[in-house]
Peer 1: 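What follows is a single structure, and I will ask about it in a moment.
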Amino acid sequence: MITVTVHASKEYDVLIGPKLLEQSGERALQLFKAGKTAVITDDKVDTLYAKTLCDSLEKSGFYVCKKVFPNGEKIKTPENAIEIVDFLAENRFTRSDVVFALGGGTVGDLSGFAASIYLRGIKLVQVPTTLLAAVDSSVGGKTAVNLKAGKNLAGSFYQPDLVLCDTNTLQSLPEGVFRDGCSEVIKYGVIKSRSLFDELKKDIKCNLEEIIGECVRIKSDIVAVDEQDRGVRQLLNFGHTIGHAIERFSNFSVPHGEAVAIGMVASARAAYKKGYCSRDVYEEIYELIKRYRLPVSTDIKAEQLLDPALSDKKREEAYISLVVPEYIGEAVTKKVSVDGLSEFIRLGLNE
Ligand code: GLY
């Protein structure tokens with residue numbers, strides 16, 4: 001098992017290894033008194049893993065109640081966050097009781113947001129069951145719901161008390177869902193680690209635990225210096241401005257990792273055309289993303305993405321911060337105007 005300690009406003013461990021669901025009760029008892037727990041999950045994950053988690057918590061003396069949402073990004077609404085808050089209130093949860101967010105990024109973001117507003121903050125354990133959630137959304141404290149005007153527009157920075165990443169849950173992921181998470185893993189290689197990028201040219205599944213650990217270490221180092229996303233943390237959004245716009249334009253029919261993959265290729269292509277990096281850098285990124293059978297292009301037109309891209313949270317007054325690679329393992333942010341963003345998307349999407 002690998003342990004990464006995140007040194008944010010709250011210090012907590014991210015545990016990565018097999019059979020952590022079975023051990024969740026004992027692990028939780030090391031941090032919390034045996035009070036109430038609410039397991040929040042979706043219907044797909046519920047049938048696969050909720051019983052193992054709930055049994056372990058009950059065996060360690062916790063009272064467990066469970067709330068199950070349908071699977072999919074569409075559940076990430078303010079109404080559902082309030083539904084969780086009402087559920088906690090009906091069950092008389094106090095600040096020392098614990099929310100367990102069991103599932104992928106959608107469940108993690110929604111439950112984390114609800115945990116952050118109930119009684120102005122209740123204990124939270126993230127239990128990621130997808131690769132995407134394991135390497136990104138479960139760590140670092142970003143929680144959010146989507147608004148009609150855009151993705152993740154209402155949220156909070158709310159660090160969990162513990163992250164339990166049971167790698168056995170990742171073995172049984174459908175191929176497409178696993179591949180979707182590879183997109184975020186590639187992102188870490190591009191922005192911060194040439195050696196991780198090269199490692200990914202081999203079969204990721206041969207060294208999965210160590211690779212997740214490396215991604216979490218990179219994220220943890222970034223969050224330790226910029227928890228509130230004012231500077232270096234924005235590098236984690238490589239590919240995301242275009243990616244989020246694709247998700248939104250497609251009404252979330254394009255999954256997050258696939259949209260980010262297209263966004264990373266487009267950003268690297270635009271960066272090369274603008275002279276921020278060499279053609280070799282763009283081609284290496286393109287090849288690795290293709291190797292993981294992630295999409296490298298979209299039928300959506302550049303003009304159609306400008307509007308959804310403008311609702312990006314990285315917008316400050318008239319400027320948007322875009323992340324571009326300079327080398328593999330080194331990325332920087334560039335501030336662009338609305339016209340600059342429009343040019344960037346056009347250069348990125350057109351061959
Ligand atoms: N997912 C990007 C971040 O946590 O900052």
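Both ligands and their constituent atoms are indexed starting at 1 by order of listing. Heavy atoms only: backbone and side chains are in, while hydrogens, waters and symmetry mates are out.
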Peer 1: Among protein heavy atoms, which lies nearest atom 3 (C) of ligand 1, and at what distance?
Peer 2: K142 NZ, 3.4 Å

Peer 1: Are any of the heavy atoms in K219 under 4.0 Å away from ligand 1?
Peer 2: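 Right, K219 reaches ligand 1.
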
Peer 1: Measuring from non-hydrogen atoms of D229 to any atom of ligand 1, is the shortest distance under 4.0 Å?
Peer 2: no

Peer 1: Do we see a donor-acceptor contact under 3.5 Å between the side chains of E184 and H240?
Peer 2: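 H240 and E184 do have a side-chain donor-acceptor pair below 3.5 Å.
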
Peer 1: Side-chain contact test, heavy atoms from C-beta onward, threshold under 4.5 Å: evaluate it for N80 versus V145 and give yes or no.
Peer 2: no

Peer 1: Atom 1 (N) of ligand 1: which protein heavy atom is closest, and how many Å away?
Peer 2: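 For atom 1 (N) of ligand 1, the nearest protein heavy atom comes out as D136 OD2, 3.0 Å.
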
Peer 1: Does H240 approach ligand 1 within less than 4.0 angstrom via side chain, backbone, both or neither, non-hydrogen atoms only?
Peer 2: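 Near ligand 1, H240 shows nothing, with every heavy atom at 4.0 Å or more.
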
Peer 1: If you measure from the Lys or Arg side-chain nitrogens to the Asp or Glu carboxylate oxygens, is any gap between E287 and K201 under 4.0 Å?
Peer 2: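 Salt bridge between E287 and K201, a charged N being under 4.0 Å from a carboxylate O: no.
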
Peer 1: Measure the OH-CG distance between Y118 and D86 for me, rounded to the nearest 0.5 Å.
Peer 2: 9.5 Å

Peer 1: To the nearest 0.5 angstrom, please state how far the NZ atom of K151 sits from the CD atom of E73.
Peer 2: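 The distance works out to 3.5 Å.
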
